[in-house]
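Structure first, then comments.
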Amino acid sequence: MDNKQYTYSVIDKGLYKEIVHKKANGRKSIAVLIDPDKVKLSHVDQLIATAIDSKVDYFLFGGSLIVNDMLDPLLVKIKAICDIPLILFPGNSFQLSYRADALLFLSLISGRNADLLIGKHVITAPFLKLSPLEIISTGYMLIDGGVVTSVQYMSNTLPIPAMKVDIAMSTALAGEYLGLKMIYMDAGSGALNAISTDMIEGVSSAVSIPLIVGGGIRTPEQVSANISAGADIIVVGNAVEKDPYLIKELAEAAHG
Ligand code: 1GP
């Protein structure tokens, strides 16, 4: 294998560096999650316009199951009108597009499904190395959000119980010690209960890598509370898909 062609994604992209830099400077971010399968076409333009206007930091793209072919066209459309970084948050190995800027290389560390801890990664790693995407290894922790989410069902794993802060802290710390670059704590899309500020506080004090928090976040008050508890990036999906105008308040709460 010619190593030269593989160096591009590591050297030339600086998204992770920027995230770490922001964390070091206490700057918080908001990411809008777009599920290409669920997003209403009639809402997309408004969603993107409001996100640009609200200075949203990142777009994430993903879903537990994507059955349409909207991912590429969406990425192309958004890239043409703004420079907000486009990050893949794949629910499975098929959700790959070179049109994005980066990919969260997720290891489901809250679960004990070997395939999602390392198995799928072995299969996709050689493809990713050939891609122009910046690969950001991320420890993904599913937290019980009061309802069985798609991720829980599709991953065939148990989420960490919502009250077990010590388990969440130890899991995140193990992820950091294993060399993962970020932790993503997720109550799952459409969770009834978002992750508690107690748990966010515990995990953010346990690790030094950037902490992403999402799942069931619907109000600016929740965003502020999660930021104060130590989250670095807040992810919102469902709520802003239903009401794109909500992005402005949520972004203001994140940016402080
Ligand atoms: C799910 O964290 C994301 O993976 C966002 O969740 O759609 O509930 O905002 P919501």
Side-chain angles (χ1 to χ4, degrees), residues 19 28-40 43-44 47 50-51 54 56-66 71 74 86-92 95 100 102-111 116 136 138-155 157 159-160 162 168 172 182-197 199-200 203-204 210-227 229 231-251 253-254:
I19 293 172
K28 308 292 186 170
S29 304
I30 187 143
V32 167
L33 171 67
I34 298 181
D35 182 336
D37 222 43
K38 285 198 207 139
V39 71
K40 287 198 189 95
H43 275 186
V44 172
L47 189 81
T50 314
S54 310
V56 159
D57 300 271
Y58 312 106
F59 279 117
L60 295 189
F61 295 86
S64 291
L65 195 67
I66 295 185
L71 180 59
L74 261 178
L86 311 179
I87 305 174
L88 299 176
F89 167 51
N92 61 53
Q95 293 171 21
L103 172 134
L104 300 184
F105 197 46
L106 302 164
S107 182
L108 182 50
I109 57 175
S110 57
L116 300 177
I136 307 176
T138 302
Y140 184 67
M141 290 168 46
L142 193 55
I143 312 296
D144 193 347
V147 68
V148 177
T149 57
S150 305
V151 193
Q152 184 181 341
Y153 179 79
M154 296 299 286
S155 67
T157 66
I160 294 176
M182 300 203 285
I183 295 294
Y184 187 152
M185 282 210 289
D186 197 355
S189 201
L192 279 184
N193 313 317
I195 298 171
S196 73
T197 49
M199 187 175 274
I200 297 170
V203 169
S204 79
L211 177 61
I212 307 172
V213 174
I217 298 173
R218 299 175 181 88
T219 67
E221 291 75 21
Q222 282 176 302
V223 173
S224 303
N226 290 357
I227 290 288
D232 296 299
I233 302 175
I234 300 291
V235 182
V236 288
N238 262 290
V240 300
E241 263 170 33
K242 282 191 197 116
D243 176 11
Y245 295 100
L246 193 58
I247 296 177
K248 202 164 184 61
E249 291 172 65
L250 299 178

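Just so you know, ligand 1 is whichever comes first in the structure, and atom 1 is the first atom listed for that ligand.
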Kindly indicate whether the side chain of Ile195, heavy atoms from C-beta on, has any atom under 4.5 Å from the side chain of Asp186. no
Under 3.5 Å, N or O to N or O, is Gly237 touching ligand 1 that way? yes
Please list, in number order, the atoms of ligand 1 under 4.0 Å from a heavy atom of Phe89. 4 (O)
Within the 4.0 Å heavy-atom shell around Gly190, which atoms of ligand 1 are there? 7 (O), 8 (O), 10 (P)
Please indicate whether any nitrogen or oxygen in Ile217 is less than 3.5 Å from any nitrogen or oxygen in ligand 1. no
Say whether Gly216, considering both its backbone and side-chain N or O atoms, lies within less than 3.5 Å of an N or O atom on ligand 1. yes
Looking only at heavy atoms, the pair that brings Gln152 and Val147 closest together is OE1-O, 4.1 Å
Is the shortest heavy-atom distance from the side chain of Val213 to the side chain of Ile233 under 4.5 Å? no
Any heavy atom of Asp186 under 4.0 Å from ligand 1? The part involved is side chain
Considering only heavy atoms of Val236, which atoms of ligand 1 have at least one such atom less than 4.0 Å away? 9 (O)
Starting from atom 7 (O) of ligand 1, which protein heavy atom do you reach first, and at what distance in Å? Ser189 OG, 2.6 Å
Measure the distance from atom 3 (C) of ligand 1 to every protein heavy atom, then report the residue, atom name and distance (to 0.1 Å) of the closest one. Tyr184 OH, 3.5 Å
Under 4.0 Å from any heavy atom of Gly214, which atoms of ligand 1 are there? 2 (O)
If you compare all heavy atoms of Gly216 against all heavy atoms of Ala194, which two are closest, and at what distance to 0.1 Å? O-CB, 3.8 Å
Atoms of ligand 1, numbered as shown, that sit under 4.0 Å from any heavy atom of Gly215: 2 (O), 3 (C), 5 (C), 6 (O), 8 (O)
Do Val32 and Leu60 make a side-chain contact, defined as non-hydrogen atoms from C-beta onward lying under 4.5 Å apart? no
Step through it carefully: locate the ring centre of Tyr140, locate the ring centre of Phe89, and say whether they are under 6.0 Å apart. yes
For Ile200 and Met185, work out which heavy atoms get closest and say how close. CA-CE, 3.8 Å
Within-4.5 Å side-chain heavy-atom neighbours: Tyr184 and Val235: yes
